[in-house]
There are 2 protein chains.
Amino acid sequence: MVKKKDFVTIKDVAKISGYSINTVSRALGNRGYVKRETKEKILKVASELGYMRNCAASALRTKRSHIVGVVVVDNTNPFYAEVIKGVELEAKKYGYTIILINTDRSYENEEKAIEILLQRRVEGLIITAVQTKNDDLKRLVDEKIPNVIIGSKFDELVTNYVCSDDEKGGYLAAKHLLENNHKKLLLVNAEKYKYASKMRELGVRKAISEINVSAKLEVIYSKDGFDNGYDTFVKFIEKNKTKFEYDGIICYNDVYAFAVMKALKERGIRIPDDVSIVGFDDIYFSSIVEPSLTTVRTDKPKLGAEAFRILMNNIESGSVTELTLPVELVVRNSTIKR
Amino acid sequence: MVKKKDFVTIKDVAKISGYSINTVSRALGNRGYVKRETKEKILKVASELGYMRNCAASALRTKRSHIVGVVVVDNTNPFYAEVIKGVELEAKKYGYTIILINTDRSYENEEKAIEILLQRRVEGLIITAVQTKNDDLKRLVDEKIPNVIIGSKFDELVTNYVCSDDEKGGYLAAKHLLENNHKKLLLVNAEKYKYASKMRELGVRKAISEINVSAKLEVIYSKDGFDNGYDTFVKFIEKNKTKFEYDGIICYNDVYAFAVMKALKERGIRIPDDVSIVGFDDIYFSSIVEPSLTTVRTDKPKLGAEAFRILMNNIESGSVTELTLPVELVVRNSTIKR
DNA sequence: GTGAAAGCGCTAACAC
DNA sequence: GTGTTAGCGCTTTCAC
């Protein structure tokens, strides 16, 4: 282990400037009474010496680390990437930094991540939950460790939540198709246990019951990710060997939509001529793919930024907030009037 | 500010277990001599009390934070997202966590990010540099603060580097087109000052000089990102009002390639029938777009993982490493034999 | 306004 | 093997 140069401490600044450690601390921390002139002198010495405060030390003393933990399923997923960015940007404004940990959809990893972050004494956690189990989250709530959950809700856990309006989103997607005279819908949903999956399906069904009860709806459920979505969908259409019989497909999210589009193209089924596709999230590539994807847009950076702000409120005042952000339908070229 | 429950400390564990603080510390830290039996008792008490080590405290004492700072241009860029993931995964194995900061392509932000991370006493930094200026990096090197730079090199800075073989990549892309009888190439490159931009262009030129010196090459330079790439390219082809005259386009990266593809499609120029397109990076969506993109694949998670490992080596032994990772051409449907 | 002294939770040296 | 003591760099009383 290479010897590392010691950093300049407040003590060094005190010695050189001739003031006490304490006065230096106050001057540097903009806190308590310090004569203007004294402060200037101290700041000068500090900057000359290249002083940099040691956050770990002040965190230890003040019990405020100014760090928040961010636990996500997968930071390479464009949706989470944007959420993370939202958190990071907002955190920066408040003088906070974020420690990022991926769980790769594993509950055990989620549990471990939380453990690690607590050891680091993060002031709070922002979590996009794996949702297969939630004992780890329950523990946070029980121990009153500030936390915000993004993108899902658990009835049994009273805590801070930030979600998109998933039900409304499902509703808008289905409404768009129904109003454009689609009659045979397929919903390629995520796994049933997921909150967003349930809500989006609810919205779809509501639209049907309101707008056209005679429209047909079939629902299939797929694990997360492009490959799983592709496999599930392909298996489904291969089983129904007869002609492909849907005129509109609503997908759990844009990545699923891409998978569906790929499978359809491979089979010579044209989009949107033969079948319309609607996605969810409006990730970056949705406007680029061919045809560009009609989708329900969620405000991902805002999801992150609001989560951070709610976390701060929770830390400061103990307030508990459930926030649902609006969604909007973005119509592009993957859907058509029939 | 809500009062927060104090965490259990080593002192509490000492009191309850009847051993000294020190013995407890050793037992919990797996360090020094502790009788097996004693250790078990202590661990039992610790777990009953819900003890969790305070990393900030031990970091202060040992001067090892077990944190590394990760500074990227933009975590939502699929390339960086994968690099980050590689770092994070590797860091986890070593018991490290990462603090992530975005710079949004601003040198000032990069400088600030480094400042913040140093205050947090990260053990080292992994940086994808903005490259417009590098005084901040120079400072790191001068002050011997462990750091690894990903994706670019600076002649004047002797430090750790991890890059993909950009020159080889450019070479492979051009070779592929030339060998498939393309004669009029366009390189849509990133800004000239960028390391990867220079190297990739070098590779392209080398291929031409080796394989077909009579092939034409034009180069245009664009700022980063889809929108900039699109604008630059459109402006370029609008200027050349005559018929579009290239039979192969090599793009700085896949995102540029998507932008180019979009602009071409809008003008009824067919890919690959009229013009072939080659990208760089092989991000996730490159296999999904239509037509799927021929591209030079870089191993992004490995770039991150290796950067972390090199950082560890540098911290432990002071070793300085420059690593270039191999690239490979992935041929898909955006290129064709002429 | 400024300084002295205590202590955050932990680990390292050194006794015993 | 275990305990005593000091101290990492900072902030927080509380004197003066």
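Residue numbering restarts at 1 for every chain, and letters A, B, ... go by the order of the sequence lines. Because the structure is predicted, anything quoted here is derived from the model rather than measured.
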In whole angstrom, what separates B/Arg31's CZ from C/dC10's C1'? 9 Å
Donor-acceptor pair, A/Asn160 side chain versus A/Asn147 backbone, under 3.5 Å? yes
Could you give the CG-to-P distance, from B/Leu28 to C/dG9, as a whole number of Å? 15 Å
For C/dT11, does either OP1 or OP2 sit under 4.0 Å from a side-chain N or O belonging to B/Ser25? yes
If you only use heavy atoms from C-beta on, which nucleotide in C/dG9, C/dT11, D/dT11 is closest to the side chain of A/Ser58? D/dT11
May I have the distance from A/Asp12 (atom CG) to D/dG9 (atom P), rounded to whole angstrom? 8 Å
Regarding the side chain of B/Arg53, the nearest nucleotide among C/dG1, C/dC10, C/dA12 is C/dC10
By nearest heavy atom, map B/Leu60 and B/Ile21 onto DNA chain D; which one lands nearer the 5' end? B/Ile21
What is the separation between atom CZ on A/Arg61 and atom C1' on C/dA5, rounded to the nearest whole Å? 11 Å
Rounded to whole angstrom units, what separation is found between the CE atom of B/Met52 and the P atom of C/dG9? 14 Å
What is the distance from atom CG of B/Asp104 to atom CD of A/Glu88, rounded to the nearest 0.5 Å? 8.5 Å
Within the structure, does a side-chain N or O atom of A/Lys63 lie under 4.0 Å from either OP1 or OP2 of C/dG9? yes
Tell me whether B/Lys138 is salt-bridged to B/Asp142, with the criterion being a basic N under 4.0 Å from an acidic carboxylate O. yes
At less than 4.0 Å, is any side-chain N or O atom of B/Thr9 found next to OP1 or OP2 of C/dC8? Yes or no. no
Measure the distance from OH on B/Tyr33 to P on D/dG1 and round it to the nearest whole Å. 9 Å
C/dG3 P sits how many Å from A/Lys35 NZ, rounded? 10 Å
Tell me whether the rings of A/His66 and A/Tyr96 are parallel (<30°), tilted (30 to 60°) or perpendicular (>60°). tilted
Picking from D/dC10, C/dA13, C/dT2, the nucleotide nearest the side-chain atoms of A/Tyr19 would be C/dT2
Which part of the nucleic acid, if any, lies within contact of B/Thr62, taking any heavy atom under 4.0 Å across all strands shown: a base, the sugar-phosphate backbone alone, or nothing? sugar-phosphate
Looking at B/Ser20, does any N or O in its side chain come under 4.0 Å of the phosphate oxygens OP1/OP2 on D/dG3? yes
In this structure, how many angstroms lie between the C1' atom of C/dC10 and the CZ atom of B/Phe7, rounded? 15 Å
Taking C-beta and beyond as the side chain, do A/Val148 and A/Asn314 meet within less than 4.5 Å on heavy atoms? no
Under 4.0 Å, heavy atoms only, any strand: does A/Arg26 hit a base, just the sugar-phosphate, or nothing? base
